[in-house]
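Everything on this sheet refers to the single structure shown next.
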Amino acid sequence: MYCVRRVSDDIYWVGGSDRRISLFENIFPVPRGVSYNSYLIMDEKTVLLDTVDHSISRQFIENITHVLKGRKLDYIVVNHMEPDHCAVIGDIILRYPDVKVIGNAKTFQMIDQFFGDMKYDPVVVKEGDTFNTGRHNLNFVMAPMVHWPETMVTFDDVTGTLFSADAFGTFGALDGTIFADEVDFDRDWLDDARRYYTNIVGKYGAQVQTVLKKAANLDIKMICPLHGPIWRENLGYIIEKYDKWSKYEPEEKGVVIAYASMYGNTENMANVLANILAEKGIKNIRVYDVSNTHVSQLVSESFKYSNIVLASPTYNGGVYPIMENFIADIKALNLQNRDIAVMDNGTWAVTAGKFIVNKINEMKNMRVIEKIFSVKSAMDESQYEEINEFAEMIISSLNN
């Protein structure tokens, strides 16, 4: 049976949610599932904005059939060609062979790559082009590398609705409440929104800034993303988050302590440091074992907080592999503007710290606290004053 909601007078949400999925893009854990949003404009011309993943294709077809009520589908606008949004294009064209497909030049290159010699009627648009559906006037804004090269967004200047592709999306299935004002977003959704942005789009902060500058010239009253809740109130909240994330500015002052530990001694260093910081009045402290915390969560927390402590044992003369992978990830995602402190451990050679510092120094705008706190095998009381001074250096950088 159909499962749809009205977004406005003649715009319908016709997407759905997948709660069976465990890994988004077969990488990122999604314990709350994910939604695939699609929108249908019922005007003089009927227009579908994006499709969905194969996993919910049956529900999607039932939704479209119900809303159309026997009318033909005139157009599909393809804002983004990633398979979780384009997978059902072929099925739609088979059902509605007269439908015209609206996209930019790169869109059609990718359609041909995914669907081979499928026959369809293309309508190529570029930056600034418009399309009138009757009551609605759609404006096409190119958003390359947010986060694929063909990505664009569609703005209806009559209702102020921005169909924003993957921008402003989040992990998490929708529970009937498709609007952000129907949920406690800050409590229940913000962490997933941050984890989604930082891991999926995070590398492309400069490109996001470009699109935000374009959006600033639009009278946006509603944001309809391809994942997660729709924004029709308090749009400044989510736009401000995207502005901060894409500038690589921390949301909060706080300390993330990410440690790797084989036998518990490096873990003890991390715990002692956390205790000292707390005793000195620091409240925003998060401690993570990199071996037991998914890297997407570590990345998200690194984007959230201002200070990061990396603690690693020496392994084969270098950095513990999982810690090395985490550092490679934050580098690949272009994390910047953080204060980094380093702790290391080793029994016959304590060398992990210098390798970590070298890797951090390859990143942009990262400030590394000069002193490395090092332990040979296990901490003892003789090092308490030293780690206390190390904590003071972190606090000083935090306050600055």
Side-chain angles (χ1 to χ4, degrees), residues 4-17 34-41 47-52 77-80 82 84-85 133 136-144 146-148 151-175 177-186 188-198 200-202 204-205 207-247:
V4 304
R5 281 197 67 183
R6 193 187 294 267
V7 175
S8 63
D9 288 345
D10 55 2
I11 302 175
Y12 293 81
W13 174 82
V14 291
S17 290
V34 68
S35 73
Y36 303 108
N37 299 338
S38 175
Y39 306 93
L40 183 54
I41 297 174
V47 182
L48 180 68
L49 291 111
D50 295 291
T51 69
V52 297
V77 174
V78 181
N79 287 305
H80 185 27
E82 200 166 4
D84 56 335
H85 306 299
T133 69
H136 299 274
N137 194 50
L138 304 182
N139 297 257
F140 303 106
V141 180
M142 301 303 114
V146 185
H147 57 120
W148 276 28
T151 304
M152 66 182 192
V153 299
T154 300
F155 179 65
D156 172 23
D157 62 21
V158 175
T159 63
T161 303
L162 179 69
F163 299 95
S164 62
D166 268 348
F168 306 109
T170 176
F171 296 135
L174 295 171
D175 300 328
T177 48
I178 69 168
F179 296 100
D181 55 277
E182 295 178 326
V183 300
D184 188 331
F185 193 91
D186 202 62
D188 297 332
W189 286 87
L190 179 57
D191 285 347
D192 270 335
R194 184 189 307 104
R195 191 163 62 92
Y196 175 86
Y197 173 86
T198 56
I200 304 296
V201 190
Y204 304 108
Q207 290 85 347
V208 172
Q209 279 292 305
T210 298
V211 174
L212 287 175
K213 287 180 174 64
K214 292 181 181 180
N217 297 318
L218 305 175
D219 184 18
I220 302 172
K221 295 182 174 63
M222 183 157 54
I223 299 174
C224 293
L226 290 178
H227 296 291
I230 296 165
W231 291 85
R232 62 184 178 182
E233 296 180 7
N234 196 20
L235 273 59
Y237 170 95
I238 193 64
I239 292 172
E240 186 272 336
K241 295 294 184 187
Y242 261 64
D243 186 47
K244 190 172 286 290
W245 295 335
S246 58
K247 289 178 179 174

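Quick caveat, the model's predicted, so the values are computed rather than measured.
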Requested in this report: Go through the side-chain N and O atoms of Tyr36 and Asp50 and say whether any donor and acceptor fall under 3.5 Å apart.
Outcome: no
Query raised in the report: So, for Glu182 and Arg232, which heavy atoms are closest and what is the spacing to 0.1 Å?
Result: OE2-NH2, 3.9 Å
Requested in this report: Grab the two heavy atoms, one from Leu174 and one from Gly228, that are nearest each other, plus how far apart they are.
Outcome: CD2-C, 3.8 Å
Query raised in the report: Do Trp189 and Phe171 make the cut of ring centroids closer than 6.0 angstrom?
Result: no
Query raised in the report: Is the charged tip of Lys244 near the ring of Tyr242: under 6.0 Å from the six-membered ring centre and within 45° of its axis?
Result: no
Query raised in the report: Does Phe163 have its ring centroid less than 6.0 Å away from the ring centroid of Phe155?
Result: no
Query raised in the report: Under the side-chain contact (heavy atoms from CB on, under 4.5 Å) criterion, do Lys241 and Arg194 qualify, and how do the steps go?
Result: CA-CA 8 Å; Lys241 295 294 184 187; Arg194 184 189 307 104; 5.5 Å; no
Requested in this report: Check step by step if salt bridge (Lys or Arg N to Asp or Glu O under 4.0 Å) holds for Glu233 and Lys221.
Outcome: CA-CA 8 Å; Glu233 296 180 7; Lys221 295 182 174 63; over 6 Å; no
Query raised in the report: Run the salt bridge (Lys or Arg N to Asp or Glu O under 4.0 Å) check on Arg195 and Asp191 step by step: do they pass?
Result: CA-CA 6 Å; Arg195 191 163 62 92; Asp191 285 347; over 6 Å; no
Requested in this report: Test side-chain contact (heavy atoms from CB on, under 4.5 Å) on Val211 and Val141 and set out the steps.
Outcome: CA-CA 8 Å; Val211 174; Val141 180; 5.7 Å; no
Query raised in the report: His227 and side-chain hydrogen bond (donor to acceptor under 3.5 Å, both in side chains): which partner among Asp84, Asn37, Thr170?
Result: Asp84
Report task. Examine distances only and state if a side-chain atom of Asp156 and a backbone atom of Val158 form a donor-acceptor pair shorter than 3.5 Å. Result -> yes
Query raised in the report: Are Phe179 and Trp231 an aromatic pair by the rule of ring centers under 6.0 Å?
Result: no
Query raised in the report: Do we see a donor-acceptor contact under 3.5 Å between the side chains of His85 and Asn79?
Result: no
